Amino acid sequence: MSDWIRAFDGGRVNLGQATALLVGGSGSVWVVNAKLTDGTSVKILDNLPSKADAVTAIDDLLLNGS
């Protein structure tokens, strides 16, 4: 993975530096964070309506970048 994607704060994250993509949330508010090789986490998606949407968004990122 070497594609750059937009972070929620407007920055960019290189998926090649991500050790994991994490889904978190509950109810109708879900987020996706990228955990980076330096141990930090960066929010890349916010306010997703369901866990399934968050997982689909990760699939889209991995396949298409953003």
Side-chain angles (χ1 to χ4, degrees):
M1 294 186 296
S2 63
D3 291 336
W4 288 85
I5 56 171
R6 277 187 293 277
F8 184 72
D9 65 2
R12 296 186 63 77
V13 175
N14 185 332
L15 286 179
Q17 295 297 313
T19 58
L21 295 175
L22 310 170
V23 173
S26 65
S28 62
V29 180
W30 290 82
V31 299
V32 176
N33 292 318
K35 184 168 184 172
L36 306 180
T37 54
D38 66 3
T40 61
S41 289
V42 177
K43 186 187 302 180
I44 55 176
L45 297 168
D46 193 18
N47 291 325
L48 297 161
S50 71
K51 185 175 183 179
D53 288 320
V55 171
T56 299
I58 288 175
D59 288 343
D60 289 345
L61 285 173
L62 294 177
L63 292 174
N64 305 317
S66 173

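The structure presented is a predicted model; accordingly, all values stated were derived computationally and were not measured.
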* Given the rule that I, L, V, M, F, W and Y join up when any side-chain heavy atoms are under 4.5 Å apart, are Val42 and Val31 in one cluster? -> no
* Not counting sequence neighbours, which residues clear side chain to side chain contact (heavy atoms under 4.5 Å, CB included) with Thr56? List them please. => Asp60
* In Å, rounded to the nearest 0.5 Å, how long is the span from CG of Asn33 to CG of Leu45? -> 9.0 Å
* To do: Check whether any side-chain heavy atom of Lys43 sits under 4.5 Å from a side-chain heavy atom of Val32, and report yes or no.
  => no
* Asked: Between CG of Leu48 and CD1 of Ile58, what distance do you get to the nearest 0.5 Å?
  -> 9.0 Å
* Asked: How far does CG of Asn14 sit from CG of Leu36, to the nearest 0.5 angstrom?
  -> 9.0 Å
* Are any non-hydrogen side-chain atoms of Asp53 and Trp30 less than 4.5 angstrom apart? -> no
